[in-house]
2 protein chains.
Amino acid sequence: MARRKDHTPEQLKTLIRSAAEKLIYKKGLQGLTARALAQEIGYTPGTIYNTYQDMDALITDINYETLGRLYQFCQERVYDLPMDFSKVRALAYAYVDFAHKNQRAWESVFATAHKGDKTPRLPKDYQQRILSLFEHIEITLKECLNFPSDRARITARLMWACLHGITVLTLDGRLKLVGVEEPHEMIDDLLTKYLHHDVR
Amino acid sequence: MARRKDHTPEQLKTLIRSAAEKLIYKKGLQGLTARALAQEIGYTPGTIYNTYQDMDALITDINYETLGRLYQFCQERVYDLPMDFSKVRALAYAYVDFAHKNQRAWESVFATAHKGDKTPRLPKDYQQRILSLFEHIEITLKECLNFPSDRARITARLMWACLHGITVLTLDGRLKLVGVEEPHEMIDDLLTKYLHHDVR
DNA sequence: TAGAATAATGAACGGTGTTCATTTATGGAG
DNA sequence: CTCCATAAATGAACACCGTTCATTATTCTA
């Protein structure tokens, strides 16, 4: 068949993306193959390549979507909280909670693909979305803990790195062996000591 | 041909492993394929499967080796340092420095393989080697900063998580965009605030 | 020296991403 | 209403991937 026009190009793109997200949710990145995806949406593999240049572009698109959801998730968790330390903590909790609730999608974002040597420069929108996450922490530090701008910048990045490490280690089933405590406890420990150093 | 016996089984295992490490060093995990590896050592793919059950077992073995090198690297960096904060800091530096010097190998260790759902329980030796790393930090905290045992345990894990996060974010070329400062600076910032909170 | 044991092979299977000539349904023009 | 240009979907094909295993060639043993 050809030109079925069951879907407009945009509908098709959405269809592909949501089917791909479903596959990642169920089986992880490994489960996302062109053929499985095609089967899922009732098309053949070739069709996917009319919409996305390659599977990598699709994955990047999904990761972009995931970053957006992460951002929104963090926003909703903290927007109505008082402007004090509890808001900073809630923001940190939100990050690891999102990762745990969306494990496979989150792993996909940070999977070290590194196909060959080419560092695949990410699209500008994608970069901007990452920056937004940093800015959110940065602003929160300024507003809630009265951090000066430069200090907030540095701290935001360090905080993110630590959160990221905590998340990786608590998510990765292989490392369960280290007896990691609940991530929230680790965050409490980190924040009360690291941040209060400045605050007091 | 058959039974060439150019190499004893052990020689062959070493040959395979070092050739595989070379491939990972040059091209990353993506570059390590059974066929490329066979070519590298002058055998055919089938031969590899006489030595290793599958490619995963080979990778696990290499990662085990890498963990050993990491441990030794950290030891050598700190063993002759005075028993104070500078030793703790040197240990943290050692971790990120090793990761940067052995980028591809380090990535291989922490690559979220997750083939399917099966969490591939790691060999006992492998687990022990990870534990050794934690213990090294733990002991250092006790000896250099007079941490009580339980506090050292918790702090060692948190410290490792943060180091890990810092390493990931500074290594991943895709995330260069966040303007991460030198990892040493981040570590200084983290340690002086987080650890000194207890020390003072 | 004959035969058993074993190391290495390489063809084959089912999987992957990707390309592209071909086919086919459709929207518009005559 | 018919025809055709256009666009959409196909599916066969290519070059890879990990893995298996009957076969082959070599060495060791008796």
Side-chain angles (χ1 to χ4, degrees), chain A residues 1-17 19-21 23-24 26-63 108 111-118 120, chain B residues 1-17 19-21 23-24 26-63 108 111-118 120:
Chain A
M1 290 143 244
R3 187 133 187 185
R4 308 189 319 192
K5 207 127 194 182
D6 291 357
H7 311 90
T8 68
E10 276 159 35
Q11 282 178 326
L12 188 55
K13 187 163 190 169
T14 304
L15 185 66
I16 290 174
R17 195 171 47 212
E21 281 171 343
L23 282 174
I24 288 179
K26 288 199 296 186
K27 310 220 175 195
L29 263 184
Q30 304 281 345
L32 177 58
T33 70
R35 286 173 176 82
L37 178 56
Q39 166 124 23
E40 188 78 17
I41 61 175
Y43 282 82
T44 53
T47 301
I48 297 165
Y49 290 82
N50 294 343
T51 303
Y52 286 100
Q53 207 190 347
D54 51 32
M55 291 298 284
D56 242 47
L58 167 59
I59 292 169
T60 298
D61 198 18
I62 290 171
N63 290 343
S108 166
T112 53
H114 279 316
K115 300 208 172 178
D117 291 19
K118 54 179 176 187
Chain B
M1 296 137 239
R3 186 133 190 181
R4 309 187 318 192
K5 206 125 194 179
D6 291 356
H7 311 91
T8 69
E10 276 158 36
Q11 283 178 324
L12 188 55
K13 187 163 189 169
T14 304
L15 185 66
I16 289 174
R17 196 170 44 211
E21 280 171 344
L23 281 174
I24 288 178
K26 289 198 297 184
K27 310 218 175 198
L29 264 184
Q30 305 279 346
L32 176 58
T33 70
R35 286 174 176 82
L37 179 55
Q39 166 124 24
E40 188 79 17
I41 62 175
Y43 283 82
T44 53
T47 302
I48 297 166
Y49 290 83
N50 295 343
T51 302
Y52 286 99
Q53 206 190 348
D54 50 31
M55 291 298 285
D56 242 47
L58 167 60
I59 292 169
T60 298
D61 198 19
I62 291 170
N63 290 344
S108 167
T112 54
H114 279 315
K115 300 208 171 179
D117 292 20
K118 55 179 176 189

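Just so we're on the same page: letters track the sequence lines, and every chain starts at 1.
- Taking every heavy atom of both residues into account, A:A36 and A:L23 meet most closely at C-CD1, 4.1 Å.
- Inter-residue side-chain proximity for B:L15 and B:L12 is flagged as met; some heavy-atom pair is nearer than 4.5 Å.
- Atom CD in A:Q30 sits roughly 11 Å away from atom P in C:dG17 (whole-Å rounding).
- Remark: A:D61 engages A:R17, A:Y52 in a side-chain hydrogen bond (donor to acceptor under 3.5 Å, both in side chains) (not counting sequence neighbours).
- Toward the 5′ end of DNA chain D lies the nearest nucleotide of A:N50, the other residue of the pair B:G46 and A:N50 mapping further downstream.
- What separates CE of A:M55 from C1' of C:dT19 is a distance of 15 Å, to the nearest Å.
- Across the protein-nucleic acid pair, A:I16 atom CD1 and D:dA9 atom C1' stand 12 Å apart, rounded to whole Å.
- You'll find the side chain of B:I24 stays beyond 4.5 Å of the side chain of B:E21, heavy atoms only.
- Distances shorter than 4.0 Å separate some side-chain N or O of A:T47 from OP1 or OP2 on D:dT10.
- Within the 4.0 angstrom heavy-atom criterion, only backbone atoms of the sugar-phosphate kind lie near A:L12; the bases stay farther away.
- Rounded to whole Å, atom P of C:dT6 lies 19 Å from atom CG of B:D6.
- At a non-hydrogen distance threshold of 4.0 Å, A:R35, A:Y43, A:T44 from residues 34-45 of chain A come into contact with DNA chain D.
- Summarising the geometry of A:Q53 relative to A:A57, their closest heavy-atom pair is N-CB, 4.2 Å, with the distance given to 0.1 Å.
- Listed candidates were C:dT9, D:dT10, C:dG17. Nearest to the side chain of A:T33 is C:dG17.
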List, one per line, each side-chain donor-acceptor pair under 3.5 Å for residues 38-51 of chain B, sequence neighbours excluded.
from	atom 1	to	atom 2	distance (Å)
B:E40	OE2	B:K22	NZ	2.9
B:Y43	OH	B:R4	NH2	3.2
B:Y43	OH	B:H7	ND1	2.9
B:T47	OG1	B:T44	O	3.4

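- As rounded to whole Å, 14 Å separates atom P of C:dG10 from atom CD1 of B:I48.
- Using a 4.0 Å heavy-atom cutoff across all strands shown, B:L58 reaches no nucleic acid atom at all.
- Between B:A111 and B:L29, the shortest heavy-atom distance links the atoms CB-CD1, 4.1 Å.
- Atom NE2 in A:H7 sits about 9 Å away from atom P in D:dA9, given to the nearest Å.
- Rounded to whole Å, the distance from NZ on A:K13 to P on D:dA8 is 14 Å.
- When the C1' atom of D:dT20 is taken as reference, atom OH of B:Y49 falls 9 Å away, rounded to whole Å.
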